[in-house]
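Right, one structure below, let's go through it.
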Amino acid sequence: MIRVYNTLSKTKEEFQPVRKGKVGIYVCGPTVYKPSHIGHMVGPVIFDTIKRYLVYNGYDVTWVVNITDVDDKLIVRSNESGVPIAELARTMTDDYMACLELVGVDGIDHFPKATDHIEAIIKFTESLIDKGFAYAAEGDVYFDVAKAKDYGKLSHRTLEAMQGDGGGTAELKRHSADFALWKKAKPGEPSWKSPWGPGRPGWHIECSVMSAAILGETFDIHGGGLDLVFPHHENEVAQSESCHGKPMAKVWMHNGLMQASSEVGKLGGRQTRAVEGDQASQEAGKIAGSAGAKSFRLLLEEEKFQPETVRFFLLSTHYRRPIDFSVERIRSVGTGLDTFYRFFKRYERVTGENFYAIEAPQVRAAGEFDPGADALLKEVADHRQRFLESMDDDFNTGGATGVLFELVRRLNKFVEDEKLEDPKKRDAAKLASLKLGAKTLRELAGILGIFRKPPEEKAGGDDQLTGQLMQLLIDLRAEARKAKDFATADRIRNSLTEMGITLEDRPGGTDWTRA
RNA sequence: GGCGCCGUAGCCAAGCGGCUAAGGCAGUGGAUUGCAAAUCCACCAUCCCCGGUUCGAAUCCGGGCGGCGCCUCCA
């Protein structure tokens with residue numbers, strides 16, 4: 001049984017899809033006006049993992065992420081840069097997609113764009129006006145929050161508590177919390193014809209329209225960053241449920257945001273906001289202005305991070321908690337992952353099989369096995385059980401990743417105890433146990449979307465000539481060691497260490513790796 | 001001011017009333033090694049403070065202190 005925390009009820013609920021066996025997920029995507037930074041990857045990685053887990057549990061999952069390609073920020077950026085909005089949106093969408101691919105997010109089934117759904121947005125808006133939930137005012141159309149029952153139910157706030165807020169066009173609104181469904185075009189802005197004159201969609205409406213078009217008027221999971229609970233999602237529910245007369249989403253899931261930890265104290269977001277409230281301080285304490293704010297691809301390049309390390313970093317804590325960004329932390333996660341990569345090489349040395357080629361079970365039931373009296377396999381089965389229990393509990397990837405480390409340590413111990421690095425100590429039964437253990441590791445890692453393919457070799461240079469030269473050095477060193485000439489042997493190894501190459505002596509010979 | 005989240009070892013982090021408080025990074029000792037590297041083993045926390053509930057609390061309740069988020073078209 002999978003339990004999921006629902007923002008709506010503020011409790012963990014047993015997950016039950018609307019339609020048996022099928023799950024629809026809608027996650028609010030980016031406004032494509034600038035290159036993606038690491039913070040944009042948080043939600044996608046989490047929901048990609050959630051989708052994998054649901055598929056693993058036998059559900060047929062459809063996942064939708066919208067692309068907002070018409071918006072104030074896009075207009076501003078376009079005016080600044082001189083790049084037409086459509087072109088800006090296209091290149092930034094490409095950048096976003098490239099980043100998703102890097103971190104292994106490949107489960108998104110639909111990427112609807114706001115500009116492809118203008119007609120439906122207009123219809124939706126008309127419908128709300130017809131039903132009395134919205135009103136037109138001088139070319140704008142506003143949603144009338146006072147007419148929506150339960151307005152505030154998602155973010156758990158009341159209209160009374162929101163008095164005094166509101167934007168610059170408040171005079172056109174009946175209530176300061178009313179929000180635009182349709183915005184009248186200003187000169188030079190992109191616009192579409194509508195019954196209220198030329199204009200463009202408001203911020204929230206595209207999600208209501210596109211989710212209904214693809215997933216239906218009621219679907220299973222609506223997700224996004226915690227920052228979207230209010231006003232974005234609150235307004236989505238209000239307009240969708242007013243329009244359709246039925247619940248929009250069964251479960252609302254919100255992930256914690258990435259923060260720039262080291263900068264927070266110094267820049268002090270809180271006091272400055274309360275006292276000053278100026279633009280600059282609003283940026284303080286947030287990811288903007290820190291290393292994490294730079295383009296994700298640039299970050300990977302400059303810090304030489306494996307994208308998989310970033311994915312693992314994001315999954316190493318529970319999704320609802322905020323994550324502090326720090327280069328050091330990601331680096332230490334990478335150090336931890338090296339244990340796995342070394343094990344995979346070891347596995348190949350011992351069994352002759354490539355870890356990444358193991359065909360692991362894709363669904364839960366298929367991964368179960370009877371360990372019999374095998375001590376190793378009993379523990380493997382136990383680890384698998386604990387991994388799945390963590391995932392069942394509101395997708396606790398933090399707990400699950402811990403189990404993965406325990407599992408690889410157990411497998412390494414088995415290789416040590418049975419001395420399997422020595423070919424003479426190998427036998428079919430032991431190798432079979434090891435293989436089943438590795439297969440389970442691969443099965444569980446697959447759920448998290450990691451270890452699906454080998455990490456890219458570090459910084460080129462592993463060409464044929466390098467290989468030959470390394471073999472020569474290793475051979476020379478082996479001869480020196482045989483002759484007990486350790487001075488020469490150590491000189492070779494130490495010099496290589498300085499070049500960033502590590503030698504590892506093993507029963508079967510010497511391996512080398514680049515740092 | 002309103003609503004909400006969080007405070008577990010040097011750092012990160014799981015844990016949601018009851019076995020010895022997961023796991024990672026860093027560190028220390030040991031096995032292994034010619035010496036290393038890697039691997040394995042061991043060690044490394046009475047869970048911010050004060051009360052309360054309970055046979056029993058890191059886990060529940062109240063109060064402090066500290067950090068953070070949203071309320072302002074950031075994922």
Side-chain angles (χ1 to χ4, degrees), chain A residues 10 12 27-31 36-44 65 68 71-73 96 152 155-158 160-167 177 179-180 202-204 223-232 235 254-259 261 264-265 269-270 273-274 277 279 282-283 285-288 312-313 316-318 320-324 326 328-329 331-339 342-343 345-346 386 390 393-394 396-406 409-410 412-417 421 481 484 486 489-490 493-494 497 502-506 510-513:
Chain A
K10 298 166 90 171
K12 284 183 196 171
V27 175
C28 292
T31 298
S36 300
H37 61 244
I38 188 170
H40 291 107
M41 298 298 109
V42 177
V65 173
T68 301
D71 164 274
D72 288 345
K73 294 194 291 290
Y96 181 67
S155 56
H156 306 286
R157 57 187 83 196
T158 61
E160 295 75 58
M162 287 182 280
Q163 292 295 344
D165 287 332
F179 54 92
W203 178 31
H204 318 292
L226 213 43
D227 56 330
L228 295 180
V229 176
F230 188 89
H232 186 52
N235 292 348
H254 294 97
N255 59 271
L257 304 182
M258 182 164 285
Q259 303 168 7
S261 61
V264 170
R270 191 124 203 267
R273 178 185 173 267
Q279 281 298 317
Q282 285 175 36
E283 295 299 315
K286 301 195 178 185
I287 197 157
F312 200 86
F313 166 66
S316 62
T317 180
H318 187 88
R320 271 189 285 127
R321 292 184 60 142
I323 312 180
D324 288 342
S326 108
E328 295 70 33
R329 287 189 51 196
R331 194 153 282 137
S332 77
V333 166
T335 304
L337 284 181
D338 285 339
T339 300
R342 283 193 212 95
F343 171 75
K345 288 184 179 175
R346 181 177 218 182
R386 286 196 295 124
S390 280
D393 184 12
D394 197 25
N396 184 354
T397 55
T401 52
V403 176
L404 245 35
F405 278 100
E406 293 179 66
R409 188 173 67 208
R410 186 62 187 85
N412 266 322
K413 181 173 165 52
F414 183 71
V415 173
E416 292 288 308
D417 290 348
E421 289 276 9
R481 291 176 70 207
K484 306 273 188 216
F486 296 120
D490 289 347
R493 189 175 61 197
N494 292 339
T497 301
T502 308
L503 294 188
E504 297 181 26
D505 297 330
R506 282 194 238 304
T510 299
D511 274 1
W512 65 279
T513 51

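Predicted, not measured: the structure shown is a model, and the values here were computed from it. Chain identifiers are assigned alphabetically (A, B, ...) following the order of the sequence lines, protein sequences preceding nucleic acid strands; residue numbering begins at 1 within each chain.
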- Item | Set of salt bridge (Lys or Arg N to Asp or Glu O under 4.0 Å) partners for Glu406(A), sequence neighbours left out | Arg386(A)
- Item | Span that lies between the P atom of A37(B) and that of A31(B), in whole angstrom | 14 Å
- Message: Partner lookup for G34(B), please. Criteria are Watson-Crick or G-U wobble with both distances under 3.5 angstrom; report none if nothing qualifies.
- Response: none
- Query: Who is the Watson-Crick or G-U wobble partner of A21(B), with both distances under 3.5 Å?
  - Reply: none
- In whole angstrom, give me the gap between the C1' atoms of G1(B) and A58(B). 33 Å
Pick out the pairs of N or O atoms, protein on one side and nucleotides 5-9 of chain B on the other, that lie under 3.5 Å.
none

- Query: Can you tell me how far P of G2(B) sits from CZ of Arg157(A), to the nearest Å?
  - Reply: 14 Å
- What residues form a side chain to side chain donor-acceptor pair (under 3.5 Å) with Glu504(A), not counting sequence neighbours? Arg506(A)
- Nearest-Å distance, NE2 (His204(A)) to P (C74(B))? 11 Å
- Item | Atom C1', compared across U39(B) and U33(B): separation rounded to whole Å | 12 Å
- Note on the structure: Per-nt protein contacts along nucleotides 33-45 of chain B (heavy atom under 4.0 Å; B base, S backbone sugar-phosphate only, - none) come out as -BBBBSBSS----
- Task: Using both distances under 3.5 Å as the test, list the Watson-Crick or G-U wobble partner of C70(B), or none.
- Result: G2(B)
- For G27(B), what is the paired nucleotide under Watson-Crick or G-U wobble rules, both distances under 3.5 Å? C43(B)
- Message: Taking only the C1' atom of each, what is the distance from C6(B) to C16(B) in whole angstrom?
- Response: 15 Å
- Query: If you measure from the C1' atom in A14(B) to the same atom in C47(B), how many Å do you get, rounded?
  - Reply: 13 Å
- Set of residues satisfying ring-ring contact (aromatic ring centres under 6.0 Å, His included) with respect to His40(A), sequence neighbours excluded: His37(A)
- Result for 5'-nearest mapping on RNA chain B, choosing between His156(A) and Gly398(A), is His156(A)
- Query: Taking only residues two or more places apart in sequence, or in another chain, which ones meet Lys73(A) in a side chain to side chain donor-acceptor pair (under 3.5 Å)?
  - Reply: none
- Euclidean distance for P, G67(B) against G30(B) (whole angstrom): 43 Å
- Item | Distance below 4.0 Å between Ser316(A) side-chain N/O and C12(B) OP1 or OP2 | no
- Task: Could you tell me the separation between the CD atom of Glu406(A) and the C1' atom of A13(B), rounded to a whole number of Å?
- Result: 13 Å
- A75(B) C1' sits how many Å from His37(A) NE2, rounded? 7 Å
